[in-house]
Amino acid sequence: MKNEWPLWEIFIRGQHGMSHRHVGSLHAPDAAMAIKNARDVYTRRNEGVSIWVVEANNIAASSPSDKGPLYEPSESKVYRHPTFFDIPDEVGAM
Amino acid sequence: MAAALTQNEALLQFLLRMGDNTLILGHRVSEWCGHAPVLEEDIALANTALDLIGQTQMWLGLAGEVEGTGKSADELAFLRDAWDFRNVLLVEVPNGDFGRTLMRQFLFDAWHSIQLGHLIKSSDERVAAIAAKASKEVTYHLERSADTVVGLGDGTEESHGYMQAALDYLWPYVGEMFASDEVDAALVAVGIAPDPASLRADFDALAGRVLKEATLTIPDSSFGHKGGRNGKMHTEHLGHLLTQMQWLQRAYPGAKW
């Protein structure tokens, strides 16, 4: 019998954060308890205002061995960076 | 009965009851630190213990003010003896297994949340302010302990057995939380605190709903241990707890870090 709780990946949005960030993982029997555990493990020093939890086996991930074909082709394409524009202040964070 | 209590004496007893409940339960829960069955529960229990100790500082701090002899919350916590404590017996019973600890937590949280809900409206602003701060923490404690009681009660045959045994063991300690005496009457008269007996219906509704969902059976007995909240007869366990909790201040009076 499998008696380990499933693994959950935890994402927290900070006080002034724009988006949820991955902060770590923990075990819990279900999603509701995963949120509670995340509250206790990752927000006890006032780190966050919102929690997302995702069961780890629901995350599809790229394979580290595909690193070459996936990412190296973009290394030599500096013209894809929008660094040649002045961004007006009114636009805010991008 | 001795001469009627002054309002100040009654208020002091009430504050000791509140503060000693949170102090002794906070200490008990802290005993799990480093020993809980999984890391996540270990941290959650430590957080709960710290919340309760924080509430103790507020209740016993105010008790020291009301007593008027300049005693700090620390002095009240560490330099009183077992017979001076006014906590209910429920919070001093040993932790037992994890299931019993969580069942005790749930039974206390259920009472605590209802009590604080009334104290927020206390005619004494200091009491109302402490209750407002504590009730946010306790709302979470209750959510967590109730969920765990349901999870384990309505879990495997083995976990169900542990939780039913915990409920059978702890139920006789529930009644004391709702026993009213002259201290309560004095505070009800001036709107500082509710009559404990008046909280029972809400408690029964809340506990009944959660324990039913947990597929647990409330023992059919009205027998109740008492003697904690009036200090007349604590269990033998309180003295053992105090020797651990107080030894440093007793061995090295006034030690600080």
Side-chain angles (χ1 to χ4, degrees), chain A residues 1-67 70 92-93, chain B residues 26 29-30 32-55 97-99 101-102 105-106 109 113 133 136-163 209-210 213-215:
Chain A
M1 188 185 123
K2 179 174 170 291
N3 59 7
E4 274 277 307
W5 290 337
L7 186 70
W8 300 79
E9 298 299 332
I10 310 303
F11 300 82
I12 304 241
R13 186 160 74 79
Q15 303 283 354
H16 305 291
M18 301 291 293
S19 57
H20 289 69
R21 282 171 181 268
H22 184 238
V23 293
S25 55
L26 50 72
H27 291 89
D30 57 32
M33 278 313 289
I35 290 177
K36 286 196 170 66
N37 286 345
R39 180 264 190 197
D40 278 311
V41 176
Y42 292 114
T43 71
R44 60 202 299 273
R45 297 186 185 87
N46 204 22
E47 292 94 333
V49 294
S50 173
I51 298 172
W52 286 352
V53 300
V54 182
E55 199 176 334
N57 65 16
N58 286 330
I59 293 181
S62 63
S63 166
S65 60
D66 288 343
K67 201 165 65 169
L70 284 180
Chain B
V29 175
S30 78
W32 275 103
C33 192
H35 300 278
V38 294
L39 175 84
E40 291 81 356
E41 290 296 341
D42 202 287
I43 296 177
L45 285 169
N47 286 350
T48 301
L50 285 170
D51 286 348
L52 292 169
I53 301 295
Q55 293 170 21
D97 54 68
F98 180 73
T101 295
L102 264 295
Q105 192 66 38
F106 167 67
D109 291 342
S113 68
K133 187 154 189 291
K136 291 200 186 79
E137 295 171 343
V138 171
T139 299
Y140 180 74
H141 297 171
L142 175 63
E143 222 179 274
R144 185 172 187 101
S145 62
D147 269 11
T148 312
V149 163
V150 171
L152 292 174
D154 187 18
T156 64
E157 199 178 316
E158 186 184 6
S159 70
H160 177 88
Y162 273 99
M163 295 313 279
R209 180 170 54 73
V210 171
E213 200 186 329
T215 70

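On a predicted model such as this, the values are computed, not experimentally measured, just so you know. A, B, ... follow the sequence lines: proteins, then strands. Residue 1 opens every chain.
B:Glu143 touches chain A through backbone and side chain together, each having a heavy atom under 4.5 Å away. B:Thr48 does not touch chain A: none of its heavy atoms, backbone or side chain, sits under 4.5 Å away. Only the side chain of B:Leu50 has a heavy atom closer than 4.5 Å to any heavy atom of chain A.
For A:His20, the ring pair (Phe, Tyr, Trp, His ring centres under 6.0 Å) partners at least two apart in sequence or on another chain are A:Trp52.
When every heavy atom of B:Ile43 is checked against every heavy atom of A:Asp40, the shortest pair comes out as CG2-O, 3.3 Å.
At a heavy-atom separation below 4.5 angstrom, chain B is approached by A:Leu26, A:His27, A:Met33, A:Lys36, A:Asn37, A:Arg39 within residues 26-39 of chain A.
In the displayed structure, B:Glu213 atom CD is contacted under 6.0 Å by at most 12 heavy atoms of other residues, nucleotides or ligands. Other residues, nucleotides and ligands place no more than 12 heavy atoms under 6.0 Å from the OH atom of B:Tyr162. The number of heavy-atom neighbours closer than 6.0 Å to CD of A:Gln15, taken from other residues, nucleotides and ligands shown, is above 12.
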